[in-house]
Amino acid sequence: MQDTRARDVLRGGSVRALVLVAVLSLCMLPAVRRLGFRALSMASQAYNPGTHSAAFITCPNHTVALELARGIVQRKLAACVNIVPAIKSVYEWQGKIEEDDEVLLMVKTRSSMVSSLAEFVRSNHPYEVAEVISLPIEQGNPPYLKWIGDMVQEEPAASTSD
Ligand SMILES: *[C@@H]1O[C@H](CO)[C@@H](O)[C@H](O)[C@H]1NC(C)=O
């Protein structure tokens with residue numbers, strides 16, 4: 001008799017404990033889920049060095065630079081173009097040393113789009129041989145690097161007719 005009651009009390013106690021544990025886990029589930037998802041999404045967003053590039057393009061003046069920058073961003077060939085004014089370029093061209101006032105474009109884009117970018121510049125730049133060079137971006141502010149990827153076309157367009 002005594003034993004049975006003790007067992008019942010015990011069983012009642014463990015059921016209550018189970019219910020308590022269940023309720024507690026349910027309450028904590030959203031937090032656990034949030035943390036878990038955040039950890040997961042941060043892992044999948046980890047930047048792979050060289051995924052994006054900084055490209056440099058020299059232009060004869062601000063008008064040409066702004067026109068090119070707009071065309072590049074409108075076509076999603078880059079996330080951002082900085083126009084660096086008043087640079088001086090010294091170079092040899094057809095046997096003569098030139099010293100030109102120029103404007104520099106600093107372009108942030110996906111590395112996979114650099115050849116499309118160069119193609120766009122070749123067909124829209126006044127120079128016979130326009131400078132387009134790029135360097136891989138090794139690292140940076142993760143949200144900014146993610147933003148570059150979000151803004152830029154993922155793949156070069158299949159057609160090059162436009
Ligand atoms: C800018 O350069 C282009 C191409 O060389 C030229 O046609 C244009 O007249 C220049 N604009 C100004 C404001 O210097």
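Residue numbers count from 1 along this sequence. Counting convention: from 1, in listed order, for ligands and their atoms alike.
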Quiz item: Going only through I, L, V, M, F, W and Y residues with side-chain contacts under 4.5 Å, is there a path from I133 to L135?
Solution: yes
Quiz item: Nearest protein heavy-atom contact for atom 10 (C) of ligand 1: which residue, which atom, what distance?
Solution: N61 ND2, 2.4 Å
Quiz item: Does atom 2 (O) of ligand 1 have a protein heavy-atom neighbour under 4.0 Å away?
Solution: yes
Practice problem: Can you spot which of V81, L77, V114 makes a side-chain contact (heavy atoms from CB on, under 4.5 Å) with T109? | Solution: V114
Quiz item: Should the heavy atoms of other residues, nucleotides or ligands under 6.0 Å from CD of E99 be counted, would the total exceed 12?
Solution: no
Quiz prompt | P126 neighbourhood, listing ligand 1 atoms whose heavy-atom distance to it stays under 4.0 Å | solution = 4 (C)
Self-check item: Interfacing atoms of ligand 1 (cut-off 4.0 Å, heavy-atom, V64)
Solution: 1 (C), 2 (O), 3 (C)
Quiz item: Looking at atom 13 (C) of ligand 1, what's its closest protein heavy atom, distance included?
Solution: T63 OG1, 3.8 Å
Quiz item: Just wondering, more than 12 heavy atoms not from Q139 lying within 6.0 Å of its CD?
Solution: no
Self-check item: Residues S115, F120; criterion side-chain contact (heavy atoms from CB on, under 4.5 Å); working and verdict
Solution: CA-CA 9 Å; S115 58; F120 175 77; over 6 Å; no
Quiz item: Closest non-hydrogen protein atom to atom 5 (O) of ligand 1, residue and atom name please, with distance?
Solution: P60 CG, 3.9 Å
